[in-house]
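Whatever order the structure lists them in is the order used to number ligands and atoms, beginning at 1.
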Amino acid sequence: MPRRRILVTGGAGFLGSHLCDKLLTLGHEVVCADNFFTAQRQNVEHLLNNPRFELFRHDVVQPMTIEVDDIYHLACPASPVHYQRNPVRTIRTAVHGTLNLLDMAREVGARMMIASTSEVYGDPHEHPQREEYWGNVNPIGPRACYDEGKRCAESLTVSYAMQYGTRTRIARIFNTYGPRMHQDDGRVVSNFVLQALRNEPITIYGKGDQTRSFCFVSDLIEGFVRLLNTEEDPGPVNLGNPSERTIKQLAEMIIELTGSKSELVFKPLPVDDPTRRCPDIGKAKRLLDWEPRVSIEEGLQHTIDYFRATEPAT
Ligand code: NAD
Ligand code: UDP
């Protein structure tokens with residue numbers, strides 16, 4: 001593939017930093033824009049001396065124009081703890097941010113992929129979730145700032161494609177985990193792994209019978225690249241691992257893999273916490289020839305090794 005100049009917004013975050021790595025490995029030039037709201041500088045520190053990598057601080061709520069060929073628009077807090085801290089700002093980021101990037105894509109003629117989410121399906125009545133399903137989202141609950149923000153981002157994206165012919169892609173990302181997740185972002189995998197490594201109680205919200213389907217980060221990033229490079233716009237595409245398990249099973253697996261002495265403790269279930277979530281990835285298999293390759297055991301082991309290396313020895 002010829003070298004392209006590519007903007008990654010939210011590029012110093014968990015997914016963004018892995019995407020920057022991948023694009024550089026493929027020989028491209030990468031411009032990473034991030035306001036460092038939930039970013040970790042160490043995620044991209046190893047790239048700072050690479051002449052094909054450029055990092056700049058920018059809030060996507062402000063308009064920008066940079067001459068690039070492609071845009072991966074990831075900037076947005078992703079963990080419920082972070083996106084609920086300042087809900088208005090989350091909506092601003094999801095809506096104004098996407099609008100600004102679409103304007104830029106239109107102006108410079110770039111292709112653009114947005115990072116949408118399985119949250120557009122809300123607490124789903126259809127299972128597994130196919131792209132045709134419209135979802136069951138509470139528009140005024142505590143998750144609404146994120147869920148509705150991302151739904152609006154999708155609406156904006158398809159509108160730019162229809163009205164202006166902007167070349168867009170929509171990735172509906174299901175729970176993804178791996179090295180470089182933020183220690184304090186409150187998501188389940190990072191919480192459980194850190195609690196297990198510290199032999200602290202593992203905090204299960206509710207009874208732990210809600211399900212999620214966990215995708216390892218390298219699989220997801222491969223899906224991003226394939227999606228942006230499709231010939232035609234395939235509409236929204238689910239990217240995730242269809243291997244579904246309960247949160248209690250996840251906790252037990254992490255205790256076993258870490259050899260932890262942690263016990264399970266049960267805490268109240270957050271409002272509107274989806275009861276189950278599993279992607280139908282038929283469309284991604286068919287159109288992108290993509291499916292996850294990393295098993296949950298292998299992916300968790302990489303994640304555990306990462307957090308073990310970042311934890312002070314006890
Ligand atoms: P993350 O919090 O690690 O990364 C988000 C990045 O965006 C951070 O670097 C943050 O500083 C930056 N950011 C936030 N607001 C910004 C703003 N206004 N301007 C510029 N930068 C800003 O989270 P992540 O898991 O890497 O998520 C990346 C994207 O993928 C998000 O859009 C998220 O909604 C989406 N997503 C992630 C998952 C997942 O499981 N990881 C699932 C569904 C969707
Ligand atoms: N969860 C949990 N304990 C934790 C963190 C999360 O039981 O310490 C649960 C949470 O209630 C949800 C699931 O794990 O049912 C996934 O949570 P996460 O915040 O990772 O992502 P979500 O899919 O809810 O956006």
Side-chain angles (χ1 to χ4, degrees), residues 8-20 32-41 43-44 56-62 64 72-84 86 89-90 92-98 100-101 113-120 123 143 146-147 149-150 153 171-178 180-182 184-195 201-217 220-221 224 238-241 246-248 250-251 264-277 279:
V8 181
T9 73
F14 161 49
L15 298 181
S17 62
H18 286 280
L19 178 60
C20 291
C32 165
D34 204 299
N35 72 347
F36 286 88
F37 181 53
T38 55
Q40 307 188 90
R41 199 178 157 76
N43 286 349
V44 287
F56 75 104
R57 184 179 286 266
H58 177 80
D59 192 316
V60 293
V61 168
Q62 305 303 326
M64 69 166 125
Y72 291 89
H73 175 43
L74 274 60
C76 186
S79 131
V81 174
H82 285 147
Y83 69 64
Q84 290 175 21
N86 188 335
R89 182 173 171 162
T90 300
R92 256 193 239 288
T93 296
V95 178
H96 287 197
T98 304
N100 285 333
L101 268 300
M113 187 204 87
I114 66 158
S116 184
T117 167
S118 53
E119 290 284 329
V120 299
D123 193 4
R143 299 174 85 99
Y146 183 74
D147 299 8
K150 290 284 186 177
R172 288 193 181 149
I173 307 165
F174 285 65
N175 297 65
T176 301
Y177 69 98
R180 301 189 195 152
M181 291 184 88
H182 202 298
D184 309 313
D185 84 0
R187 280 184 273 189
V188 69
V189 173
S190 44
N191 271 10
F192 284 5
V193 168
L194 282 165
Q195 289 162 347
I202 304 250
T203 52
I204 297 208
Y205 302 160
K207 293 190 194 129
D209 52 5
Q210 69 273 39
T211 69
R212 292 293 186 275
S213 308
F214 294 99
C215 185
F216 188 64
V217 60
L220 182 81
I221 300 301
F224 282 178
N238 288 340
L239 293 176
N241 192 319
T246 68
I247 293 303
K248 189 154 173 271
L250 176 76
L264 306 183
V265 293
F266 293 85
K267 304 267 182 187
L269 187 67
V271 175
D272 291 341
D273 198 286
T275 43
R276 54 194 189 158
R277 195 183 281 157

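The shell of residues lying under 4.0 angstrom from ligand 2, judged by heavy atoms, includes Pro80. For the pair Gly186 and ligand 2, a heavy-atom separation below 4.0 Å is found. Remark: distances from the non-hydrogen atoms of Glu119 to ligand 2 include one below 4.0 Å. Ligand 2 has no atom lying under 4.0 Å from any heavy atom of Gln195.
Scanning the protein heavy atoms around atom 18 (P) of ligand 2, the nearest turns out to be Val188 N, 3.9 Å. Remark: minimum distance from atom 13 (C) of ligand 2 to any protein heavy atom is reached at Ile247 CD1, 3.6 Å. Annotation: atom 1 (N) of ligand 2 to nearest protein heavy atom, Tyr205 CD1, 3.4 Å. Annotation: atom 11 (O) of ligand 1 to nearest protein heavy atom, Asp34 OD1, 2.7 Å. Here the heavy atom of the protein found nearest to atom 18 (N) of ligand 1 is Asp59 OD1, 2.9 Å. The protein heavy-atom contact nearest to atom 8 (O) of ligand 2 is Asn191 ND2, 2.8 Å. Among protein heavy atoms, the minimum distance from atom 28 (C) of ligand 1 is reached at Leu74 O, 3.6 Å. Protein heavy atom at the shortest distance from atom 2 (O) of ligand 1 is Thr38 OG1, 2.6 Å. Scanning the protein for heavy atoms near atom 22 (P) of ligand 2, the closest one is Arg143 NH2, 3.5 Å. Summary of contacts: the protein heavy atom closest to atom 11 (O) of ligand 2 is Asp273 OD2, 2.6 Å. Scanning the protein heavy atoms around atom 27 (O) of ligand 1, the nearest turns out to be Ala78 CB, 3.5 Å. The protein atom (non-hydrogen) at minimum distance from atom 19 (N) of ligand 1 is Val60 N, 3.0 Å. In terms of protein heavy-atom proximity, atom 39 (C) of ligand 1 is closest to Arg187 NH1, 3.4 Å. Considering only non-hydrogen protein atoms, atom 40 (O) of ligand 1 sits nearest to Thr176 N, 2.8 Å.
Each of the atoms 21 (O), 22 (P), 23 (O) of ligand 2 lies under 4.0 Å from some heavy atom of Asn175. Close approach of ligand 1 to Phe36 (heavy-atom distance below 4.0 Å) involves ligand atoms 11 (O). Ligand 1 places these atoms under 4.0 Å from at least one heavy atom of Phe37: 11 (O). Taking a cut-off of under 4.0 Å to the non-hydrogen atoms of His58, the atoms of ligand 1 that pass are 19 (N), 20 (C). Residue contact check: Thr203 has heavy atoms under 4.0 Å from atoms 2 (C), 3 (N), 4 (C), 7 (O), 8 (O) of ligand 2. Near Asn175, with a cut-off below 4.0 Å to any heavy atom, the atoms of ligand 1 are 40 (O). For ligand 1 and Ala12, the ligand atoms under 4.0 Å from any heavy atom of the residue are 9 (O). Each of the following atoms of ligand 2 lies closer than 4.0 Å to a heavy atom of Arg187: 19 (O), 20 (O). Contact atoms of ligand 2 toward Gln210: 9 (C), 11 (O), 15 (O) (distance under 4.0 Å to a heavy atom of the residue). Taking a cut-off of under 4.0 Å to the non-hydrogen atoms of Lys150, the atoms of ligand 1 that pass are 31 (C), 32 (O), 33 (C), 34 (O). For ligand 2, the atoms lying closer than 4.0 Å to a non-hydrogen atom of Ile204 are 7 (O). For ligand 1, the atoms sitting less than 4.0 Å from at least one non-hydrogen atom of Ile173 are 30 (O), 35 (C), 36 (N), 38 (C), 42 (C), 43 (C), 44 (C), numbered in the order shown with element in parentheses.
Contacts of Ser116 with ligand 1, taken as heavy-atom pairs under 4.0 Å, involve the backbone alone. Proximity of Tyr146 to ligand 1, defined as any heavy-atom pair under 4.0 Å, is confined to the side chain (atoms from C-beta onward). Contact annotation for His182 and ligand 1: no heavy atom of the residue comes within less than 4.0 Å of the ligand. With a 4.0 Å heavy-atom cut-off, ligand 1 is reached by no atom of Met181.
The distance criterion of under 3.5 Å between nitrogen or oxygen atoms is not met by Ser118 with respect to ligand 1. When only interatomic distances are considered, the shortest N/O to N/O separation between Ala39 and ligand 1 falls below 3.5 Å. Considering backbone and side-chain atoms alike, Phe14 places an N or O below 3.5 Å from some N or O of ligand 1.
Under the 4.0 Å criterion applied to side-chain N and carboxylate O atoms, Arg41 and Asp34 are not assigned as salt-bridge partners. A salt bridge between Lys150 and Glu119 is absent, with no side-chain N of the basic residue lying under 4.0 Å from a carboxylate O of the acidic one.
Results of the side chain to side chain contact (heavy atoms under 4.5 Å, CB included) test with Leu250 over Ile202, Val188, Ile204 single out Val188 as the only residue that passes.
Side-chain contact, Thr246 with Asp209: no donor N or O sits under 3.5 Å from an acceptor N or O.
The option from Leu15, Val188, Asn35 that lies nearest to atom 15 (N) of ligand 1, judged by heavy atoms, is Asn35. Comparing Cys76, Gly13, Gly16, Gly10 against atom 5 (C) of ligand 1, the shortest heavy-atom distance belongs to Cys76.
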